[in-house]
Undergrad: 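My questions all concern the structure below.
Along the sequence shown, the residues carry numbers beginning at 1.
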Amino acid sequence: SYSYFDIDGDAERNSEIIWAKNGAAQTALSNKTSVNTSLTAKGEKWAFSVRPFDGADFGTMQQSANTTILNAVPLVSQISFNNTIPKTNDELSASLTYSDPDGDVGNVTFQWFVNSSNVFNQTIRNVANGASAMSNFSSGFFGKSDRLNVSAFAKDGEAVSLTALSATITVANTAPSLSNPSFNNTAPKTNEDILGGAAYADADGDKGNVTFRWYVNGTLAFTDSTAGISNGTNAARVLLSNLFSKSDRINFTASASDGTDSGALLASAIINAANTAPSASSLLISPASPTSEDNLTISYSYFDIDGDA
């Protein structure tokens, strides 16, 4: 900008304007009153000269002082998460895009917060203009129901960007799991109860309820549950012997719930009820007081719990 004056009161008519960059005339910008930002770069020195014209005569050429193009503040985009519903054992990451009007590389610093407390900071160095920066956040820093958020800012060596703030996300419940289905006896007999078990685990440390469903020859025969099972312990329930017989095929399924979510169904192997050996009792020889003239005859009671002859 400049002030135009004509003692005759004549209006300005197409004054001559010459731009100079680092002392060199920029003919492409002749008579322009502004220079687009795309034509300037950090560190350049710009000036202009003006020779006023009133339509009849040119005045004396006047030159401005130099102005130096300063460093532009870098920018960071909105922060995004790789997972907005993380669970206790999930690794979490946050990313953004770094940009710098001058094309400078920059360092991007992420600050992670758990329940409003800053627990972890990470700086990603030498990020190129237009490139992404990502920070990884270990699952060891958070657990179920924690509220997580992250802030980030960038430095280009001279200036600091505005700070970007992420949304707040909440760590979700992890469903419990069951493993290692087992029997106390894989060849039970007709009069033997069977104990079935499974290992209970919950990443959040929640106690759970485990339900066992016992099947005999593919038909549901009995359902039973046990409550308050601690993480890392076994749950077990009994199938009474009166619910199966010799040669029956026996198995169970088990499911666990922590009060919020239920885990995947666990299925045991199929075992077969074994044969029970018969027994003999009340053994007698007749007659009770035989002589050499008597034939001897035996008698006894036969019993088979499976009902076998």
Undergrad: Is the gap between the ring centers of F212 and F222 under 6.0 Å?
TA: no
Undergrad: Between N251 and I271, is there a side-chain heavy-atom distance shorter than 4.5 Å?
TA: no
Undergrad: Backbone N or O of D206 within a donor-acceptor pair of the D258 side chain at under 3.5 Å?
TA: no
Undergrad: Of the non-hydrogen atoms in L266 and A198, which two are nearest, and what is the gap between them?
TA: CD2-CB, 3.7 Å
Undergrad: Where do S139 and E91 come nearest, in terms of heavy atoms and distance?
TA: OG-OE2, 3.2 Å
Undergrad: Checking T88 side chain against G143 main chain: does a donor-acceptor pair fall under 3.5 Å?
TA: no
Undergrad: Using a cut-off of 6.0 Å, state whether more than 12 heavy atoms not belonging to K42 lie near its atom NZ.
TA: yes
Undergrad: Given the rule in the side-chain contact (heavy atoms from CB on, under 4.5 Å) test, do I250 and Y215 qualify, once you have shown the distances and angles that lead to the verdict?
TA: CA-CA 6 Å; I250 302 163; Y215 294 85; over 6 Å; no
Undergrad: Taking all non-hydrogen atoms of both residues into account, name the closest pair between S166 and F81 and its distance.
TA: OG-CZ, 3.4 Å
Undergrad: Is the CG atom of L283 crowded by more than 12 outside heavy atoms at less than 6.0 Å?
TA: yes
Undergrad: Side chains of K45 and T68: donor-acceptor distance under 3.5 Å anywhere?
TA: yes
Undergrad: So, S77 side chain and T97 main chain: donor-acceptor pair closer than 3.5 Å or not?
TA: yes
Undergrad: Only pairs at least two apart or in different chains count here, so list each side-chain hydrogen bond (donor to acceptor under 3.5 Å, both in side chains) that has a residue in residues 119-135.
TA: T109-T123, W112-S135, N118-N121, Q122-S135
Undergrad: Could you check whether any side-chain N or O of S268 sits under 3.5 Å from a backbone N or O of F252, counting only pairs where one atom can act as donor and the other as acceptor?
TA: yes
Undergrad: Check whether any side-chain heavy atom of N83 sits under 4.5 Å from a side-chain heavy atom of D90, and report yes or no.
TA: yes
Undergrad: Supply the members, apart from M61, of the Ile/Leu/Val/Met/Phe/Trp/Tyr cluster built from side-chain contacts under 4.5 Å; use none for a lone residue.
TA: I18
Undergrad: Any side-chain donor paired with an acceptor under 3.5 Å for N173 and K144?
TA: yes
Undergrad: For a quick check under 3.5 Å, do D306 and T190 share a side-chain donor-acceptor pair by atom type?
TA: yes
Undergrad: Who are the side chain to side chain donor-acceptor pair (under 3.5 Å) partners of N217, not counting sequence neighbours?
TA: D248
Undergrad: Clusters formed by hydrophobic residues whose side-chain heavy atoms approach within less than 4.5 Å: which one holds V238, and what are its other members?
TA: L195, L240
Undergrad: By salt bridge (Lys or Arg N to Asp or Glu O under 4.0 Å), which residues pair with E12, not counting sequence neighbours?
TA: none
Undergrad: Can you list everything that forms a salt bridge (Lys or Arg N to Asp or Glu O under 4.0 Å) with R213? Sequence neighbours excluded, please.
TA: none
Undergrad: So, for A11 and R13, which heavy atoms are closest and what is the spacing to 0.1 Å?
TA: CB-NH1, 3.1 Å
Undergrad: Y2: which other cluster members, linking ILVMFWY side chains closer than 4.5 Å, directly or transitively?
TA: Y4, I17, W19, L29, V35, L39, W46, F48, V50, I69
Undergrad: Assess whether a salt bridge exists between D204 and K87, defined as any Lys/Arg side-chain N lying under 4.0 Å from an Asp/Glu carboxylate O.
TA: no
Undergrad: For a quick test of reading the model, state the closest non-hydrogen atom pair linking P176 to A256 and the distance between them.
TA: CG-O, 3.7 Å
Undergrad: Any side-chain donor paired with an acceptor under 3.5 Å for S255 and T211?
TA: no
Undergrad: Determine yes or no for a side-chain-to-main-chain donor-acceptor pair under 3.5 angstrom, with Y98 supplying the side chain and L75 the backbone.
TA: no
Undergrad: Determine, step by step, whether I79 and V150 satisfy the side-chain contact (heavy atoms from CB on, under 4.5 Å) criterion, reporting the C-alpha distance in whole Å, the side-chain angles of both residues, the deciding distance to 0.1 Å, and the verdict.
TA: CA-CA 8 Å; I79 299 169; V150 61; 3.7 Å; yes
Undergrad: Which side-chain hydrogen bond (donor to acceptor under 3.5 Å, both in side chains) pairs, counting each pair once, include a residue from residues 24-37, with sequence neighbours left out?
TA: N36-S38
Undergrad: Hey, could you give me each pair passing side-chain hydrogen bond (donor to acceptor under 3.5 Å, both in side chains) that has a residue in residues 177-186? Not counting sequence neighbours.
TA: N185-E192
Undergrad: Other hydrophobic cluster members with V160, side-chain heavy atoms of Ile/Leu/Val/Met/Phe/Trp/Tyr under 4.5 Å, chained?
TA: F153
Undergrad: Counting only heavy atoms not in I85, do more than 12 fall under 6.0 Å of its CD1?
TA: no
Undergrad: Decide ring pair (Phe, Tyr, Trp, His ring centres under 6.0 Å) for F142 and F137; before the verdict, give the C-alpha distance in whole Å, the side-chain angles of both, and the deciding distance to 0.1 Å.
TA: CA-CA 9 Å; F142 59 86; F137 192 48; 5.8 Å; yes
Undergrad: Please list, chain by chain and in numerical order, all residues satisfying salt bridge (Lys or Arg N to Asp or Glu O under 4.0 Å) with K155, sequence neighbours excluded.
TA: none
Undergrad: Can you tell me if N295 has over 12 outside heavy atoms packed within less than 6.0 Å of its CG?
TA: no
Undergrad: Let me see the working for D146 and F141 under side-chain contact (heavy atoms from CB on, under 4.5 Å), right down to the final yes or no.
TA: CA-CA 10 Å; D146 282 341; F141 285 106; over 6 Å; no
Undergrad: Under the side-chain hydrogen bond (donor to acceptor under 3.5 Å, both in side chains) rule, what pairs show up with a residue in residues 49-63, not counting sequence neighbours?
TA: E16-R51
Undergrad: If every non-hydrogen atom of N231 is compared with every non-hydrogen atom of A201, which pair is closest and at what distance?
TA: OD1-CA, 3.3 Å
Undergrad: Take W214 and T253 through the test side-chain contact (heavy atoms from CB on, under 4.5 Å) and record every step on the way to the result.
TA: CA-CA 7 Å; W214 289 92; T253 63; over 6 Å; no
